[in-house]
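In what follows, every chain begins at residue 1, and chains take the letters A, B, ... in the order their sequences are listed.
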Amino acid sequence: MDLAFSPADEAFRTEVRQWLHARVPREPLPSLETADGFEAHRAWEAELAADRWSVVDWPAEYGGRDAGLLRWLVFEEEYHAAGAPGRVGQNGIHLLAPTLFAHGTEEQRARVLPPMARGEVIWAQAWSEPEAGSDLASLRARAVRTDGGWLLSGQKTWSSRAAFADRAFGLFRSDPDTAKPHQGLTYLMFALRAPGVRVRPLARLDGKPAFAELFLDEVFVPDEDVIGEPGQGWRIAMATAGNERGLMLRSPGRFLAAARRLEGLWRERGGPGSERDRVADALIGARAYQLFTYAAASRFLDGEAVGPESSLNKVFWSELDIALHETALDLLGPEGEPADTDWAQRYVFALAGPIYAGTNEIQRDIIAERLLGLPKGRR
Amino acid sequence: MRFLLDDGQRAFAASLDALLTAADPAGVVREWSRGDHASGRALWSRLARAGVFALAVPETYEGGLGPRPVELAVAFVELGRHAVPGPLVETVTAAVLLTGADPGIAERLLPVLASGERMATVAPAGAYALDGDAATLRLSWEPDGIRLSPGHGPVRPSLDPARRLTPLAPGGELLDAPTGQALTWARLATAAQALGVGLALLDRTVGHVRRRTQFGAPVGSFQAVKHRLADAKIALEFARPLVFGAALTLRPADAAAAKVAACEAAYTTARTALQLHGAIGYTAEYDLSLWLTKARALRTAWGDPHECRALVVSAADDRRW
């Protein structure tokens with residue numbers, strides 16, 4: 001058992017740190033939930049990609065560095081510690097790309113991944129529907145067979161990044177007659193500017209269009225944009241959902257960097273002992289999450305699959321994120337009220353954590369039933 | 001970087017688990033609580049033979065296997081899981097204190113701590129020492145150093161009946177023993193023990209809610225019950241890596257962080273365990289009480305949550321995270 005990274009990993013850390021030190025914008029980019037900010041973040045993705053830092057764990061042929069899981073963790077620690085911009089491409093990079101690596105065709109990987117790595121094509125996820133949130137088995141949007149492809153119709157909602165993104169991936173009901181509702185779903189990719197797609201941006205709590213509703217009316221998708229076998233979408237998507245809750249979506253470096261910023265804020269402003277305890281809890285939580293991830297990564301490198309433990313992760317980081325940012329706003333007092341500060345923006349983002357990627361209630365059910373062995377019951 | 005217990009460490013945990021499962025610790029705890037130390041001493045000897053106390057004693061002393069903080073944490077999780085009574089953390093702390101002491105004293109006392117021949121207690125002057133009536137080596141941690149206390153005062157019951165609180169008699173020989181790392185080890189061992197206590201509470205409560213039916217269904221099928229247990233599981237599983245991380249770094253702030261997280265997790269789990277057992281859990285005769293009361297006591301032993309959190313934020317340079 002050890003916590004020491006190899007000299008080669010440490011050399012990688014130094015290289016990352018030096019590159020970020022030279023390149024991270026001195027002034028924060030405008031919010032990526034605005035048209036200007038989205039383009040600025042897209043340009044940052046291109047800058048990262050030019051030196052192959054946008055997807056360090058991917059194979060070199062798609063723009064990565066074959067860096068492996070541990071170096072990805074190192075990269076993320078340095079990235080967040082450097083205060084580098086949020087990643088506008090992360091839905092594609094962390095949700096779609098792993099699915100294509102596992103279930104896509106060689107042709108799909110060659111066509112989709114390099115432009116994703118360069119930020120030329122930004123992806124939105126389109127899973128949720130008005131009547132289906134965490135219960136994906138109740139999806140209704142349809143995919144109907146046509147010559148050379150499929151016609152998509154129906155409504156998707158809470159589609160992250162869709163207000164400004166280029167393409168989306170989602171599940172559609174391709175066989176309405178199956179006995180079980182999670183059968184007969186197909187996983188497809190489609191263009192957000194295709195004929196028949198209407199995108200209605202949805203403002204989140206602070207008024208910024210962080211997600212959108214999609215209205216689809218016989219949108220044509222060629223067969224080459226089906227991921228895996230038609231009808232197998234549920235199984236393929238569940239593998240991605242595990243990924244979303246598990247190792248890749250919220251890297252420990254993000255919370256450690258945020259907890260250190262909070263500690264800095266507390267040192268700068270002072271505060272009663274009760275506030276000091278909350279700052280300590282944020283640090284302890286971030287450290288716990290980092291070490292938990294190191295253990296999970298060690299098991300993964302030993303060949304163990306990421307299982308339902310990813311549900312422990314998801315509840316933990318999402319609650320840590322809110323507690324950390326609440327503490328910051330409380331330390332700021334009335335100065336924490338303006339919505340355009342970095343702390344306020346991060347707070348609003350954190351509030352969504354327990355809702356997306358499978359609500360925390362669903363995650364707690366999974367923990368209780370699959371990790372503790374409690375009997376299934378009515379939800 | 002491979003942050004996982006190795007096969008030997010896992011086998012050590014399994015062998016202690018087997019030893020303790022066979023030893024009827026519940027009966028031992030109840031006798032210990034009444035001041036009858038015979039079965040507790042016998043168990044202590046067996047734990048010593050398994051190497052538990054030797055892990056805190058350097059190899060240079062007779063019987064020493066250490067210092068091996070990771071294995072010590074492994075052992076203390078098992079001691080907590082099985083509610084083993086006695087001044088366990090204190091004996092480890094005494095071993096660390098004596099490691100830095102005058103060689104003559106260290107040569108004389110460390111081998112008998114490693115072998116289990118003597119059990120030690122340690123407490124700051126004026127505070128209660130744990131199990132001073134059972135310990136045969138009593139160290140008073142005073143501002144000017146560590147003293148060999150000549151005796152103990154009357155026993156006062158603790159909220160945890162298995163913890164017998166005793167003031168130490170003043171005076172005694174002053175040892176030339178720097179206190180150095182002793183508090184870090186005390187907190188590490190307490191955190192690991194608390195983690196074990198929490199794991200046992202969770203395990204027993206899961207078993208109970210699977211069996212217990214109300215309104216025609218196992219209470220464990222109710223979402224309100226499931227979610228409390230899921231939260232307990234989350235808290236314990238995120239305390240675990242802090243405990244082993246602190247064992248690897250032995251930095252004071254890391255041990256303090258581990259203690260906060262493990263003791264809070266164990267205490268939250270105790271509250272959940274009591275609620276989900278209902279009135280059965282509120283009775284002293286039901287074994288759950290052995291862990292319930294210990295979770296409360298460990299929370300304030302060797303640095304309360306406030307003190308440990310203060311160390312985490314004040315020790316930013318030492319913390320290195």
What residue in B:K233, B:E237, B:H306 has the most heavy-atom pairs under 4.5 Å with chain A? B:H306

Quick one: does B:R309's side chain get under 4.5 Å of A:R276's, heavy atoms only? no

Taking B:K226 first and then A:D365, would you say they form a salt bridge - that is, a charged N and a carboxylate O separated by under 4.0 Å? no

Quick check: do B:D254 and A:R287 have side-chain heavy atoms less than 4.5 Å from each other? yes

Between B:E264 and chain A, which part of the residue has a heavy atom less than 4.5 Å away: side chain, backbone, both or neither? neither

Between the side chains of A:N360 and B:H227, is a donor N or O closer than 3.5 angstrom to an acceptor N or O? no

Within a strict 4.5 Å, meaning less than it, do heavy atoms of the B:F238 and A:V315 side chains meet? no

May I ask you to test the A:S6-B:M1 pair for a side-chain heavy-atom distance under 4.5 Å? no

Select one option (side chain, backbone, both, neither) describing which atoms of B:L242 are under 4.5 Å from chain A's heavy atoms. both

By a 4.5 Å heavy-atom criterion (distance strictly below it), what part of A:R267 contacts chain B: side chain, backbone, both, or neither? side chain

Other residues, nucleotides, ligands: >12 heavy atoms within 6.0 Å of A:L301 CG: yes

Test: A:D2 and B:R2 ion pair at under 4.0 Å: no

Out of A:I284, A:D277, A:L283, which one pairs with B:V313 under the side chain to side chain contact (heavy atoms under 4.5 Å, CB included) rule? A:L283

May I ask you to name which of B:V312, B:L311, B:I234 has the most heavy-atom pairs under 4.5 Å with chain A? B:I234

What part of B:A239 gets within 4.5 angstrom of chain A, counting heavy atoms only: side chain, backbone, both, or neither? neither

Heaviest contributor of heavy-atom pairs below 4.5 Å to chain B, chosen from A:D9, A:V279, A:L371, A:D281, is A:D281

Heavy atoms only, distances under 4.5 angstrom: which of A:L291, A:D302, A:L256 has the most pairs with chain B? Name it, please. A:L291

Identify the two heavy atoms, one from B:S221 and one from A:K376, that lie closest to each other, and give their separation to 0.1 Å. CB-O, 3.8 Å

In terms of heavy-atom proximity below 4.5 Å to chain B, should A:A295 be classed as side chain, backbone, both, or neither? both

With side chains defined as the heavy atoms from C-beta onward, is the minimum distance between B:R319 and A:E263 less than 4.5 Å? yes

What are the two closest non-hydrogen atoms of B:G220 and A:L374, and how far apart are they? O-CB, 3.6 Å

If you count heavy-atom pairs under 4.5 Å between each of A:W266, A:F5, A:F316 and chain B, which one has the most? A:F316

Between B:F3 and A:Y294, how do the two ring planes meet: parallel, tilted or perpendicular, split at 30° and 60°? perpendicular

Intermediate values then yes/no, side chain to side chain contact (heavy atoms under 4.5 Å, CB included), A:R364 and B:D231: CA-CA 8 Å; A:R364 287 186 172 97; B:D231 283 337; 2.7 Å; yes

So for atom OH, which belongs to B:Y282, do other residues, nucleotides or ligands contribute more than 12 heavy atoms lying within a distance under 6.0 Å? no

Does B:R271, at its CZ atom, have more than 12 non-hydrogen atoms belonging to other residues, nucleotides or ligands within less than 6.0 Å? no

Which distance, rounded to the nearest 0.5 Å, do you find between the CG of B:L248 and the CG of A:L3? 5.0 Å

